[in-house]
**Q** 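Got a structure for you, written out below as structure tokens; questions coming shortly.
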Amino acid sequence: MHAIFTTTRRLAESYGGRRWEGEETLGYVLGRRWKARGCAERLGVAEGWLGVNDRMRRRRCPGSFPERDEVRAPELRIVGGWGDVRKGLRWSCHYGHLRWGGGAGGGRWFPKEEGTDVAWAQVARRDFGMALRWQVRSALARRGGGIHFCSIITTEGLGNTKDGFHAIQKRMSGFHASQCGFCTPGMCMSIFSSLVNADKSKKPAPPKGFSKLSVSEAERSYHLPSYTLGGGICTFPDFLKSEIKSSLDFNDASISGPREGWYCPKSIKQYYKLVNSGLFSESSVKVVVGNTSTGVYKDQDLYDKYIDIAGIPELSAIVRKDKGIEIGAATSISKTIEILNQESESTSSPNGSVVFRKLAEHMSKVASPFVRNTASIGGNIILAHKYPFRSDIATILLGAAATVNLQVSSKTLHVNLEQFLEQPPLDHSTLLLSIFIPHWTSDCKKEHTLVFETYRAAPRPLGNAVSYVNSAFLGHVSLDKSSGDNILSNLHLAFGAYGTEHAIRARKVEEYLTGKILSASVVLEAIRLVRETIVPVEGTTHPEYRVSVAVGFLFSFLSPLCKGVIDPGKTLSISEDLVDTDNVHNMPLSSRRETLSGDEYTPVGDPIKKYKVELQASGEAIYVDDIPAPKNCLYGEFIYSTQPLANVKSIKFKPSLASKKIITVVSAKDIPTGGRNIGSTFWFGDEEPLFGDPIAEFAGQALGVVIAETQRYADMAAKQAVVEYTTDGLKAPILTVEQAVQNNSYFQVPPERAPKQVGDFSKGMAEADHKIMSEEVKLASQYYFYMETQTALAIPDEDNTMTVYSSSQFPELAQNVISKCLGIPFNNVRVITRRAGGGFGGKAVRSLHIATAAALCAHTLRRPVRMYLNRNTDMIMVGGRHPMKARYSVGFKSDGKITALHLDLLINAGISADASPIIPGTIISGLKKYNWGALSFDVKLCKTNNTSKSVMRAPGETQGSLIAEAIIEHVAAVLSLDANTVRQRNFHSYDSLVLFYPESAGESSTYTLHSIFDRLASTSSYLKRAESIKKFNSCNKWRKRGISSVPLILKVRVRPAPGRVSVLSDGSIVIEVGGIELGQGLWTKVQQMAVYALGQLWPNGCEGLLDRIRVLQSDTLNLIQGGVTAGSTTSESSCAATLQACNMLVERLKPVLDRLQLQSGIVSWDTLISQVEIDLLTGAITILRSDLIYDSGKSLNPAVDLGQIEGSFIQGIGFFIYEEHQINSDGLVISNSTWDYKIPSVDTIPKQFNVEVLNTGYHKNRVLSSKASGEPAVVLGASVHCAVREAIQAARIEFAGGSESTSSLLTFQLDVPAPMTLVKELCGLDIVEMYLEDLSSHGVGNCN
């Protein structure tokens, strides 16, 4: 999709574009041929993009417009018309993404979150000097003015089914680079941006671990025909250039008239003319440049007017002055980085090069490239001024002594940044014009050296995560002639993000250090002053951590200038085998190895590409939200409770613009006669209500659904709800497992699901030489974080029937629940799921509420209703993995052999049973991977007033495995043994495996754990690396490393699944299975299985047969009893059903084939090791290397399984290390956005990742000897957690006081997750002071 927009008052025609009458807009669509009759394609703006105005609908195209519900944003400016478009494109305005008229969605909606970090479009803009800039832009980009004079390309414009696929899309497909495919279009555009901008800059050589992409390399890698990268896709049309040029003399202050509400002043004078016109109030108008702030501070109401100041030339001006550079406030952060890099290379400012280069390096870690391309430097500073925004940019500019220029009506003010940040919030009469950054050349004397450093501690080192603390330090260093020591002067010490309203300068510290000779005692006193200065406000998370890191930053700045103090920035490498991590940008390429099976079942076992993967890359793959909105479609959003147990007295709405958009509210009172208030259920019979009525039982429970004409209106209107609660007559809510125990609040586990104990615990404890009694480990929850949030489209049909398109892993159960809610027979409800944009268990039971709510709304209003939860609502309402607390007692021999284990386990299941009764069994199953001798346990499934927890990838086994590893490592620490020695001593023999897994141990020949563990140890040089790590830790004081090897035994349960195979008269084949394609390659494996089974019916066997097969979407009325897609076995079950159906067809058709061949002679029917490093000053974790060997039996598709194994392992790392699931005192989820909740990203995954898919022998109880691949590797993420523990142990020994025993240092509770804040706490929050005090007491000169 390639669209070019410009505003004009005349007609234009170019490149085959069609003319149309229009007073205000010239639009051009390139990349697809289309015909329009009457008037033009619709081009518009809504929630950042496109929209149509009611006035245009009435004036220009009466009778030819879509219904009102398809006109997404009538409050915004007119930018185009709508015609009778037979084929091609339609701009749809659903929440800021572009859509095909036919339903494909390359510009897919990632629900208003910056942290999603997926670009969706390539944007070209000609600036005022007519220079061309191609950039990938953020999904949070500007509204109407943001696309003015821009050329936009989405992935459909690169390639598509009709016109052929682009080389990038083909490579994404051929290299198995897509899983669920929901974000694949954005990945394609990101790669395309790199190719377009290949070798166009004069940047220096990149850091170690990176390479500079040249045009010739791009062409070779992607088989591109020329530098134009795809036949001139990036050619900026001449007619648009002329339009831009002519518009510069056009003095109207707005693109559209006042009624449309979008204003684009072209000068400061025009801006103030608008502001002073009386048309605006502070609450109804929003001044924007990039508008990316909506990803951080969500709009709480609609705005009816916008002023886009990006087009004011003065705000984008770059002025080089004698003492520095002045950068216009509307300059993008990316452009600012480019300018600073250019200035840093200037020979006229040698000292300025240090400041500018460091600023540019730090800014490159702010947000993501796509956000930086859109966000402005001034907008970031305004956010830091207006809100307690943890801005890195404000802090580093404060450290560089930047100043700002303000326009206040007719006056221009010049103030330093510190004064500006301290001012009260500004109104629209004050305009930030520019930021001045001094280069410091004239201020630095010959005998002085300028030093400038910036620091940040954030969950992600390379950006796209706000800092816990940030700092910038600048000063002049001179040499004391008598002592030869360093002296500091002209200091600027800036700290921010530590829990403060805005960045500050540490004036007391500056005054103390100025003029003093640096020594350990001086640095120690400065650090004490920092602790007095850096005081987080009440309510700040991790306050002690933030202060400690701030101390570490100042220590890192001063230590290189102080003799005898070890510089934390230097790492001593011991061996070439160790990964060099001096630079966090150092990212060696991941490597992988595969062991492929033979051709016994060809094409089963071949690494063929995924079924229809090209459609994912081109954006043509249809997800629920890609389905075009039916006529009269409405949109819904939940109103949810913020209280855990309360009567709901009333629901009212604030008087606001958004409240005026409400059509109605659907609640429990709208459930029809014969229906019931049910939102979900599961196999165990417990039902969870759809709405909390009359009592809200937990925070996050749905109370009703707001209905409006667009999703944006519905979402915004739901924020206006004011719920009145009362707790009269109600008990206190139960929010913790401890409270559940006190109140005897439990769910029962069915006897058949209850795990079985092994052996005699008392006897085992009596045999033990050592005992650990009643130690504890806690595991928090984890959010599913699928890319496509919960969504459903419900369409009422004739005769009281309902069709629901749901992103679901369990359409069959959705059908049952919807029918019960509406009080209609099951056969009156049809649930269709083509594919889901990720699931991980979250779209099994937890998707039922959304599908049922949409169906109830559609049934009540007799109109189609679509619901697509925004990320905040999804994270609050949906739940996640079960949090739990485990307390263990263990007995063991002196050699590490464990004789007995008892476990007391409290599981927080939430308000309903959901699937929780299976969790005790799976936890104990994961725990049983070791031979504990005797195993006893007491497991309580606690009912609490929290959101229901449900199954999530390897549910229970993930937690059980971690508990097992915590016990093993505790035993090893007590005995001072290597943890791997203790692990191997407690591995199962085949006999003990049968004892612990009596029903699923399998044949003795299939038990491969010992051989896999030995193979991994040998192929990954485990012993050599472990020895190198010991040497590294002994030589590096401020960084420590750890290594761990973790085994896995995971019990999988195979469920029956239906399948239907039809051979049509032309020889093409249609397959239906109950399993849902979630990205796990289910359809691909089914396709391979069908080719294998039916190949004997074709003369050429399997050749060419893959292209004849079509796999259909799940439909509950076409293929009943489809079951749930979960547990990593649905692919195998679906393949088994397909194989059985194919065999039946072969049996029926073979006689026909033989008869035809007699007549004509032919028939033509066209285990894992992880190594980590931690930074003791910040707690930052770097995963250096992970080696994984996985027994997949005989893989049905090694390429698909490899992707599942890798992704599963990374998700496990997220659970064990990074993902902090936080709730408030009422149980309401507060880590409810990507701003607060960080999943693993490219800079937090292993730097070196080696995966081997080990294909073993025949398994008679498996489908063609295959094994599950989607879930087990999650469990292996525990290896990173164990390696982090080992690194922490090394740190604790390094800074141990004389009174502490080795055992007490090595044994500590490391909960899940273990983020950098916890790592730093366990390493020590005062280790810098301890170190400096030791130096001061012994004399610095004696230090090494």
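All values below come from the heavy atoms of this structure, side chains included, with hydrogens, waters and symmetry mates left out.
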**Q** If we ignore hydrogens and angles and just use 3.5 Å, is the side chain of T331 paired with the main-chain N or O of G328 as donor and acceptor?
**A** yes

**Q** Kindly determine whether L340 and V355 satisfy side chain to side chain contact (heavy atoms under 4.5 Å, CB included), including the steps that lead there.
**A** CA-CA 9 Å; L340 290 172; V355 176; over 6 Å; no

**Q** Side chains of K286 and N291: is there a donor and an acceptor less than 3.5 Å apart?
**A** yes

**Q** Which heavy atom of T403 sits nearest to which heavy atom of H414, and what is that distance?
**A** OG1-CE1, 3.1 Å

**Q** Identify the two heavy atoms, one from A658 and one from M716, that lie closest to each other, and give their separation to 0.1 Å.
**A** CB-CG, 3.6 Å

**Q** Quick one: NE2 on H439 to NZ on K323, what's the gap to the nearest 0.5 Å?
**A** 9.0 Å

**Q** Can you check salt bridge (Lys or Arg N to Asp or Glu O under 4.0 Å) on K321 and E326, steps first, answer last?
**A** CA-CA 7 Å; K321 299 184 176 182; E326 190 171 276; 3.1 Å; yes

**Q** About how many Å separate CG of L383 and OG of S376, when rounded to the nearest 0.5 Å?
**A** 8.5 Å

**Q** Have S467 and D392 got a donor and an acceptor in their side chains that come within less than 3.5 Å?
**A** yes

**Q** Quick one: pull up NE2 in H428 and OH in Y271 and give me the separation to the nearest 0.5 Å.
**A** 6.0 Å

**Q** Could you tell me whether the side chain of H385 and the main chain of P424 form a donor-acceptor pair under 3.5 Å?
**A** yes

**Q** Restricting to non-hydrogen atoms, name the atom on F389 and the atom on N380 that form the minimum distance, rounded to 0.1 Å.
**A** CE2-ND2, 3.7 Å

**Q** Determine whether F436 and V404 make a side-chain contact, defined as any pair of heavy atoms from C-beta on separated by less than 4.5 Å.
**A** no

**Q** Looking at every non-hydrogen atom in both residues, tell me the closest pair between A494 and G399 and how far apart they are.
**A** CB-N, 3.6 Å

**Q** Considering all heavy atoms of both residues, which atom of T395 and which atom of A472 are nearest to each other, and what is their separation?
**A** O-CB, 3.8 Å

**Q** Side-chain donor-acceptor pair under 3.5 Å between S368 and N464, yes or no?
**A** no

**Q** Got K365 and M363 here, is their nearest side-chain heavy-atom distance under 4.5 Å?
**A** no

**Q** Measuring only between side-chain heavy atoms, which start at C-beta, is S332 closer than 4.5 Å to N373?
**A** no

**Q** Backbone N or O of A503 within a donor-acceptor pair of the T500 side chain at under 3.5 Å?
**A** no

**Q** Taking C-beta and beyond as the side chain, do W1235 and R390 meet within less than 4.5 Å on heavy atoms?
**A** yes

**Q** Take the angle between the ring planes of Y387 and Y297 and call it parallel below 30°, perpendicular above 60°, tilted in between.
**A** parallel

**Q** Are the side chains of K661 and E709 in contact, using a 4.5 Å heavy-atom criterion?
**A** no

**Q** With the threshold set at 4.0 Å, does a side-chain nitrogen-carboxylate oxygen contact exist between D301 and K719?
**A** no

**Q** For residues L397 and L359, determine if any side-chain heavy atom of one lies less than 4.5 Å from a side-chain heavy atom of the other.
**A** yes

**Q** For side chain to side chain contact (heavy atoms under 4.5 Å, CB included), just list the numbers for V285 and Y306, CA-CA rounded to whole Å, side-chain angles, deciding distance to a tenth of an Å, and then say yes or no.
**A** CA-CA 5 Å; V285 66; Y306 291 82; 5.9 Å; no

**Q** Less than 6.0 Å separating the ring centroids of Y635 and Y713?
**A** no

**Q** Rounded to the nearest 0.5 Å, how far does CG of L426 lie from CG of L432?
**A** 8.5 Å

**Q** Identify the heavy atoms of A400 and P438 that sit nearest to each other, and give their distance.
**A** O-CG, 3.4 Å

**Q** State whether the number of non-hydrogen atoms from other residues, nucleotides or ligands found under 6.0 Å of Q423 atom CD is greater than 12.
**A** yes

**Q** Under the 3.5 angstrom rule, does the side chain of R372 hit a backbone N or O of S364 as a donor-acceptor pair?
**A** yes

**Q** Is Q407 reaching over with its side chain to a backbone N or O of S409, donor-acceptor style, under 3.5 angstrom?
**A** yes

**Q** So, D308 side chain and C264 main chain: donor-acceptor pair closer than 3.5 Å or not?
**A** no

**Q** Run E418 and L398 through side chain to side chain contact (heavy atoms under 4.5 Å, CB included) and show every step you take.
**A** CA-CA 7 Å; E418 186 178 26; L398 180 60; 3.7 Å; yes

**Q** Mind checking whether D299 and T294 have side chains closer than 4.5 Å, heavy atoms only?
**A** yes

**Q** State the CG-CH2 distance between D304 and W262, to the nearest 0.5 angstrom.
**A** 13.0 Å

**Q** What distance separates S656 OG from Q720 CD, expressed to the nearest 0.5 Å?
**A** 3.5 Å

**Q** Can you check whether L431 reaches Y272 side chain to side chain, under 4.5 Å on heavy atoms?
**A** yes

**Q** Can a donor-acceptor pair be found, under 3.5 Å and without considering hydrogens, that links the side chain of E343 to the backbone of I339?
**A** no

**Q** Starting from the C-alpha separation in whole Å, work towards a yes-or-no answer on side chain to side chain contact (heavy atoms under 4.5 Å, CB included) for I377 and I393.
**A** CA-CA 8 Å; I377 182 76; I393 289 177; 3.4 Å; yes

**Q** Given 3.5 Å as the limit, does a donor-acceptor pair link the side chain of T412 with the main chain of V408, or not?
**A** no

**Q** Return yes if a side-chain donor-acceptor contact under 3.5 Å exists between N341 and E361, otherwise no.
**A** no

**Q** Could you tell me whether the side chain of S1233 and the main chain of N872 form a donor-acceptor pair under 3.5 Å?
**A** no

**Q** When you measure from the side chain of H362 to the backbone of I396, do you find a donor-acceptor pair of N or O atoms at a distance under 3.5 Å?
**A** no

